[in-house]
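In what follows, chains carry the letters A, B, and so on, assigned in the order in which the sequence lines appear, proteins first and then strands, with residues in each chain numbered from 1.
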There are 4 protein chains.
Amino acid sequence: MNAANPEPATHWVLTLSCPDRPGIVHAVAGAIATSGGNITESQQFGDPETGLFFMRVQVEGDLTQNELETAIAPVAEQFTMSWLVDRVGRPMRTLVLGSTTEHCVGDLLNRAHSQRLPIDIVGMVSNHTVLRPLAEFYGVGFHHVPVTKATKAEAEARLLELVEELDVELVVLARYMQILSDEVCTALAGRVINIHHSFLPSFKGARPYAQAHDRGVKLIGATAHYATASLDEGPIIEQDVERVTHADDVTELVAIGQDVERRVLARAVRWHAEHRVLLNGHRTVVFR
Amino acid sequence: MNAANPEPATHWVLTLSCPDRPGIVHAVAGAIATSGGNITESQQFGDPETGLFFMRVQVEGDLTQNELETAIAPVAEQFTMSWLVDRVGRPMRTLVLGSTTEHCVGDLLNRAHSQRLPIDIVGMVSNHTVLRPLAEFYGVGFHHVPVTKATKAEAEARLLELVEELDVELVVLARYMQILSDEVCTALAGRVINIHHSFLPSFKGARPYAQAHDRGVKLIGATAHYATASLDEGPIIEQDVERVTHADDVTELVAIGQDVERRVLARAVRWHAEHRVLLNGHRTVVFR
Amino acid sequence: MNAANPEPATHWVLTLSCPDRPGIVHAVAGAIATSGGNITESQQFGDPETGLFFMRVQVEGDLTQNELETAIAPVAEQFTMSWLVDRVGRPMRTLVLGSTTEHCVGDLLNRAHSQRLPIDIVGMVSNHTVLRPLAEFYGVGFHHVPVTKATKAEAEARLLELVEELDVELVVLARYMQILSDEVCTALAGRVINIHHSFLPSFKGARPYAQAHDRGVKLIGATAHYATASLDEGPIIEQDVERVTHADDVTELVAIGQDVERRVLARAVRWHAEHRVLLNGHRTVVFR
Amino acid sequence: MNAANPEPATHWVLTLSCPDRPGIVHAVAGAIATSGGNITESQQFGDPETGLFFMRVQVEGDLTQNELETAIAPVAEQFTMSWLVDRVGRPMRTLVLGSTTEHCVGDLLNRAHSQRLPIDIVGMVSNHTVLRPLAEFYGVGFHHVPVTKATKAEAEARLLELVEELDVELVVLARYMQILSDEVCTALAGRVINIHHSFLPSFKGARPYAQAHDRGVKLIGATAHYATASLDEGPIIEQDVERVTHADDVTELVAIGQDVERRVLARAVRWHAEHRVLLNGHRTVVFR
């Protein structure tokens, strides 16, 4: 997914997962030491339920990505690892999908622009055109892809085409309001982050703030998760909440909630782009 | 419910609700002024959806409860109010129902004992005996009322008897683990507070921490609500959450959650005892 | 300060403060009832320490601002009140002062633009020019007012001139990085909101994140306060915090802190613009 | 400090710190692998400012403490490590010092008793006697050690004697209200946790809630830190805050703050007892 980095860098990140068994940390640390790298940060987690082991390591040293990969490869094979190496801080090529509300889209653009998020927004897609000026202000190519029942398949084909053309690594549904088909979810599995405007699994589906108001909850929340074929059931990356009162009507819940949404989405995107999120079945491991 | 206070006090609380229409605040303020009282704190809420108006007023002055009630009564009749007057700070007579875990029960006892909660715990009921020494240490009468399928009706009759005998105003289900029958919920409507160990409406029913772990949520919570015949659907009084990670197994979620439970329960009990919680259909108005 | 609203509106807000004594609420409620208004929201606070009484009332009814003011005036005189009436939701004319960082400025512009803040940003002032494109994108007049030791008096004169010309009600120091002189603070007393990038009174002065890092705190915060001649000592409007760890260096504290800053500043500006913040000596009363 | 564990256990914890240089993780992982242990949890931190490296590792395997220590010793010597090995979950022998308020003391006793804290409270010391019944209820030896100006030296001698006699590993100042002398702080360096009732460095010294009220802050907090000769300047372990309003007087701040204090103290004690807190100069590394 991530382009190879031929030039030597000072800082690499390695993530891996594999069936848990003795000796993994020792083998990985050994391979890194052999390659001339020094471990500057390391986190791991062994899940006793799934029997899987997860690790994220940052490595400093005068070595290329290829040299590090060559050192890791035999260990990876020995332990049947899923793994990747990337340069620390490399901006991830990101496609943002929005609709008409600008709070999430604008926040991502602003953060990326001022380098407060390690992503490179290479394009924006929307089924409406109101967000076009915002995209253009930040110098981001805007792609108007209308979606109707009749044109949904066509629209999704265009989306996949853009992912291909723009060499997209990450797709962010920034209150996109359209449900992706199972085919697209599968094609982009683990690469699509959605922000849902409730504290899942509460208030799945449409109009969560109206549901929350009706139930009389005292906190409202938002959930960033990987999009999967099962709507609102994807692996959760991050959640947060804000306090509300009986005096807040649905409009106010929406306003309060929008702040939570963009905060939660920005964190999830950051952690994903920094390779801090690993999939563990239908859950995530987040190495913060 | 609350015993009348014949002696003059310096501080009274008045709560009321009625259909909303112009002139309520003016009429109430007038009646209080006439009685010689001074309003020191006042909160109100008009719900445009239900058309109901809610108010909580604290009144200072050299007047008895009876004098204040006499002043309010005509206004209350005019506006068809549900209302009550009580002395600010009067400890509410409370019956605590527990099972085997002590975190909520112990917290309530400790807070009441050191006057950090405005309640007077007049008895504890449990279907087990492990909490007896704790109750006795705090000088609280312990009533062992075993519950089996066969004896449930009998046990509930004993519970209602105790409520009567001990002149109980509030029943707190402090992780009681037994479901009260519809009859008991109805008989004690608005007077039973339950703590549910999840952020409702997520994870209703049994084993919410196991459900939360399985779903991979990043925050766990607790909910204090009035018990109603619809399990876990009662009006919510207070909720709070705590952050958890992928590394927290169910046992750790339980440990983290217990702190949230007792914090949420203590707040709900405090606000109820201070007449800060008013029922608005299946929701609450909380004047904090 | 606020322009008079001649047209009848449905919703007015009245705020007042005065020495506390019996009968205030009754008198205000009476005046409102007489004018044909109905109280839809009301909050009050009597401070036993300062002996002052504070009130915020929302009034609905088919009456003009002038009619409401006429009804209140005699009561205001009787109780020696500071008071004002404004239309609920009227955008407050706001001048934003920024420097080079865009997180606060951009957030205010974006929120005001999408009507998520009840302010009308009538101009932006900066001693640098990097924020000019952002201002222009949102159609806000940009005024470059360089500040050096030599030109400080001149720059402040220009600032006061702009306040006059643009009929500015509120000045927001959105990480402006310049200290206003005592004269300007006095001239604009109660109308200038500053965001300080620490949890005051911790870490006053320069480089608070470096100070926080050095002290090894586990939470960092931000504080929105009214600017006064005593730097970092003005009345606090709002504060919030975020968790950090030993692994966060100063750069990361800054990044985390920026999110807190803009959240805290946006809340303070909202509450001020909604007339929810009243001055109580060197502290504030915030009717949320 | 910690007694050696001769019996083989399934789970060990190793903590270490040393000057940072390449190869530490590899060497440690190698030693553990050689000893037959498997790393189940591992956290590390290299501080670029102090040049120090910190690590906490949990090791599973059929090996004794002695076997693990023997494997680590040569590596520890090679890298000039400060290090220790302990059994995961071993309750730490703890002496609690209290005064007259029971919220922190009672919370620690209750948590330790119901095994919600990995400590064994081997005694309680107080300069008053009001907490004696609480200690006795939980079966904890109570030592009344009055402190006056004249007897302070004597009282501290008695304290150090008790630490010796009871084989105390950790001393907790649970709102003890007495300042330990420099000599005691030095003698027990890194083994005394104090809870300060403010969000340090705000409101050092006496009556922090009164100071907080006077400053008009919107959040109050508590800080758990290691006691050092410089009062309120010791390395911070944990902090948290709670929201307050203008309507909360000092008494209410105290009540709200007490909940924060006991929550913060319990976390700090847990993390210390689990060997999750390492000293890094005047700051801490907390591996949560």
Student: Of all of A:D249, A:T245, A:I237, which one pairs up most often with chain B through heavy atoms under 4.5 Å apart?
Tutor: A:I237
Student: Would you check if the distance from the ring center of B:F203 to the ring center of B:H197 is below 6.0 Å?
Tutor: no
Student: Quick one: pull up SG in B:C104 and CD in B:Q258 and give me the separation to the nearest 0.5 Å.
Tutor: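 It is 7.5 Å, given to the nearest 0.5 Å.
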Student: Under 4.5 Å, counting heavy-atom pairs only, tell me which of B:G46, B:G281, B:G221, B:G216 racks up the most with chain A.
Tutor: B:G216
Student: Between B:N280 and chain A, with a heavy-atom cut-off of 4.5 Å, which part of the residue counts as in contact: side chain, backbone, both or neither?
Tutor: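 Nothing of B:N280, per the 4.5 Å heavy-atom cut-off to chain A.
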Student: Measure distances from B:T284 to the heavy atoms of chain A and classify the residue's part below 4.5 Å as side chain, backbone, both or neither.
Tutor: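 Contact with chain A involves both backbone and side-chain atoms of B:T284.
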Student: With a 4.5 Å heavy-atom cut-off, do B:R215 and A:R283 have their side chains touching?
Tutor: no
Student: If you count heavy-atom pairs under 4.5 Å between each of B:P235, B:G234, B:P48, B:A212 and chain A, which one has the most?
Tutor: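 Greatest number of close heavy-atom pairs with chain A: B:G234.
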Student: Using distance alone, with no hydrogens and no angle criterion, decide if A:R191 and A:H272 have a side-chain donor and acceptor under 3.5 Å apart.
Tutor: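 The criterion, which ignores hydrogens and geometry beyond distance, is not satisfied for A:H272 and A:R191.
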Student: Is B:E49 in contact with chain A via its backbone, its side chain, both, or neither, using a 4.5 Å heavy-atom distance?
Tutor: side chain
Student: Might you confirm whether atom CZ of A:R207 has over 12 heavy atoms from other residues, nucleotides or ligands at distances under 6.0 Å?
Tutor: no
Student: Is it the case that B:H103 and B:E261 place a side-chain donor and acceptor less than 3.5 Å from each other?
Tutor: yes
Student: Determine the option with the most heavy-atom pairs under 4.5 angstrom with chain B, choosing from A:H213, A:Q211, A:H282, A:R288.
Tutor: A:H213
Student: Let's test your reading of the structure: which of B:D47, B:L200, B:D214, B:V241 forms the most heavy-atom pairs below 4.5 Å with chain A?
Tutor: B:D214
Student: Ring-plane angle category for A:F54 and A:F45, please: parallel below 30°, perpendicular beyond 60°, tilted otherwise.
Tutor: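 Aromatic pair A:F54/A:F45 classed parallel.
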Student: What part of B:D240 gets closer than 4.5 Å to chain A, counting heavy atoms only: side chain, backbone, both or neither?
Tutor: both
